[in-house]
Amino acid sequence: LYTVRAESLLKKGKLEEARAVLLKALEIEQNDYILWERVLFIDNDMQDWENLHKHSIQAMDLFPNQPQVYLLNAVAAIQLEKYDETIAVTDEGLMYVVDNKKFESQLLMLKGEAYYKKGNKKQACELFDETVTADPENYIAMNNYAYYLSLTGEKLDQAEKMSGKVIEKFPDNATYLDTYAWVLFKKGEFKLARFYME
């Protein structure tokens, strides 16, 4: 009954109420992985990083071989600026990824972000290289990597190539266009940079 009620609330966009009902269902049956996953996705959709962190730790204890739980925990950890924890949990999660390059790429990206935030840019760049090799369509990773390279002024041709590939796919995304414009600006291509800024 709780899960049926939660589905009804989700269809109405009432995420917080749906989550509360799903948590009641989990009090009755805590070993239902699908219910935990729904709760975690709701936490993520609400950008409720504290609860995503707390709930994903609970889920990891119950389902230690589910890589999705590690990924969501890493998302929460990086948002909460727990960078060492992000690195540790992505390493653990990678042990459970089997024949899924896209998933592996997401974990590597978060690990790279954590290293970058800690100031270890060399390690971060190595991880971003691994990320885009594992999944050449990880557009978020390509955008972020291109931006980080542009900040340091290194590998600007590589940054332009990655950023260009991203805006080919998402030509109306202001964030991605901003990155491309910034890379072009750093390369000294001011007219083209201005075009993309506008």
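Bear in mind the structure is a predicted one, so any value in this text is a computation, not a measurement.
Judged purely by distance below 3.5 Å, without hydrogens or angles, the side chains of Y33 and Q68 never pair a donor atom with an acceptor atom.
Contact annotation: the side chain of S163 never approaches that of Y139 to less than 4.5 Å [non-hydrogen atoms, C-beta and beyond]. For the pair I42/M46, a side-chain contact is recorded, criterion being any heavy-atom separation below 4.5 Å from C-beta on. Two residues are said to be in side-chain contact when any heavy atoms from C-beta on lie closer than 4.5 Å; Y180 and V166 fail this criterion. Counting heavy atoms from C-beta outward, F41 and E37 have side chains that approach closer than 4.5 Å. With a 4.5 Å cut-off on side-chain heavy atoms, E85 and I78 do not count as touching. Looking at K165 and K169, their side chains never come closer than 4.5 Å, going by heavy atoms from C-beta outward. Counting heavy atoms from C-beta outward, P67 and F103 have side chains that approach closer than 4.5 Å. For the pair R38 and L10, the minimum side-chain heavy-atom distance is below 4.5 Å.
Within 6.0 Å of the NZ atom in K187, the count of heavy atoms belonging to other residues, nucleotides or ligands exceeds 12. Counting non-hydrogen atoms of neighbouring residues, nucleotides and ligands closer than 6.0 angstrom, the OH atom of Y96 exceeds 12 such neighbours. More than 12 heavy-atom neighbours from other residues, nucleotides or ligands sit within 6.0 angstrom of OH on Y83. Counting non-hydrogen atoms of other residues, nucleotides and ligands closer than 6.0 Å to CD of E50 gives a total of 12 or fewer.
When the side chains of ILVMFWY residues are joined at heavy-atom separations under 4.5 Å, either directly or via intervening members, M142 and V183 end up in two distinct hydrophobic clusters. When hydrophobic clusters are built by joining Ile, Leu, Val, Met, Phe, Trp and Tyr residues whose side-chain heavy atoms come closer than 4.5 Å, directly or via intermediates, L149 is grouped together with I140. Residues Y116 and V75 fall into different hydrophobic clusters, defined by Ile, Leu, Val, Met, Phe, Trp and Tyr side chains chained together at heavy-atom separations under 4.5 Å. No single ILVMFWY cluster, assembled from side-chain heavy atoms under 4.5 Å apart, contains both L110 and M162. A single hydrophobic cluster is seen to contain both W182 and L177, as judged by linkage of ILVMFWY side chains at heavy-atom distances under 4.5 Å, directly or through other members.
In terms of the side chain to side chain contact (heavy atoms under 4.5 Å, CB included) criterion, residue partners of D45 (sequence neighbours excluded) are, by chain and number, L15.
In this structure, CG in N144 is found 7.5 Å from OH in Y176, a value given to the nearest 0.5 Å. With rounding to the nearest 0.5 angstrom, the CG atom of L192 is 12.0 Å from the CZ atom of F190. If you take CZ on F128 and NZ on K111, they are separated by 12.5 Å, rounding to the nearest 0.5 Å. To the nearest 0.5 Å, atom NZ of residue K118 and atom CD of residue E113 are 14.5 Å apart. Here the CE-CG distance, from M60 to L62, works out to 11.0 Å after rounding to the nearest 0.5 Å. Atom CG of D135 and atom CG of L108 lie 10.5 Å apart (nearest 0.5 Å).
Looking at every heavy atom in both residues, V69 comes nearest to S56 through CG1-O, 3.4 Å. When all heavy atoms of A134 and S105 are compared, the closest pair comes out as CB-CB, 4.1 Å. Nearest heavy-atom pair, L156 versus K186, reported as atom, atom and distance to 0.1 Å: CD1-O, 3.8 Å. Closest approach of L107 and T90 over heavy atoms only: O-CG2, 3.5 Å. Nearest heavy-atom pair, W49 versus L80, reported as atom, atom and distance to 0.1 Å: O-CD1, 3.7 Å. Heavy atoms only, all atoms of each residue included: A146 and A159 are closest at CB-O, 3.5 Å.
Each of T131, T179, D129 was checked for a side chain to side chain donor-acceptor pair (under 3.5 Å) with Y145, and the lone residue meeting it is D129.
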Contacts table for residues 18-32: side-chain donor-acceptor under 3.5 angstrom, sequence neighbours left out:
| from | atom 1 | to | atom 2 | distance (Å) |
| --- | --- | --- | --- | --- |
| R19 | NH1 | D43 | OD1 | 2.6 |
| R19 | NH1 | D48 | OD2 | 2.9 |
| R19 | NH2 | D48 | OD2 | 3.3 |
| E29 | OE2 | N31 | N | 3.1 |
| D32 | OD1 | I34 | N | 3.1 |
| D32 | OD1 | L35 | N | 3.3 |

Practice prompt. Take K102 and E137, measure what side chain to side chain contact (heavy atoms under 4.5 Å, CB included) needs, and give me the verdict at the end.
Written response: CA-CA 8 Å; K102 287 187 182 292; E137 294 183 351; 3.6 Å; yes
Worksheet item: Taking it one step at a time, do Q106 and N138 satisfy side chain to side chain donor-acceptor pair (under 3.5 Å)?
Response: CA-CA 8 Å; Q106 289 181 304; N138 188 334; over 6 Å; no
Discussion item. Let's go through I167 and N173 carefully: what are the C-alpha distance in whole Å and the side-chain angles of both, what is the deciding distance for side chain to side chain contact (heavy atoms under 4.5 Å, CB included) to 0.1 Å, and is it a yes or a no?
Written reply: CA-CA 7 Å; I167 65 161; N173 184 301; over 6 Å; no
Discussion item. Salt bridge (charged side-chain N to carboxylate O under 4.0 Å, His left out), that's the test. Do K12 and E17 meet it? Break it down for me.
Written reply: CA-CA 10 Å; K12 294 174 185 173; E17 290 176 49; over 6 Å; no
Discussion item. Quick one, L127 with E130, criterion side chain to side chain contact (heavy atoms under 4.5 Å, CB included). Give me CA distance, side-chain angles, the key distance, then yes/no.
Written reply: CA-CA 5 Å; L127 284 160; E130 283 186 60; 4.1 Å; yes
Practice prompt. Take H53 and Q79 through the test side chain to side chain donor-acceptor pair (under 3.5 Å) and record every step on the way to the result.
Written response: CA-CA 10 Å; H53 187 253; Q79 292 292 338; over 6 Å; no
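Put simply, the side chain of K11 never gets that close to the backbone of A6: no donor and acceptor are under 3.5 Å apart. At least one donor-acceptor pair closer than 3.5 Å links the side chain of Y70 to the backbone N or O of P64.
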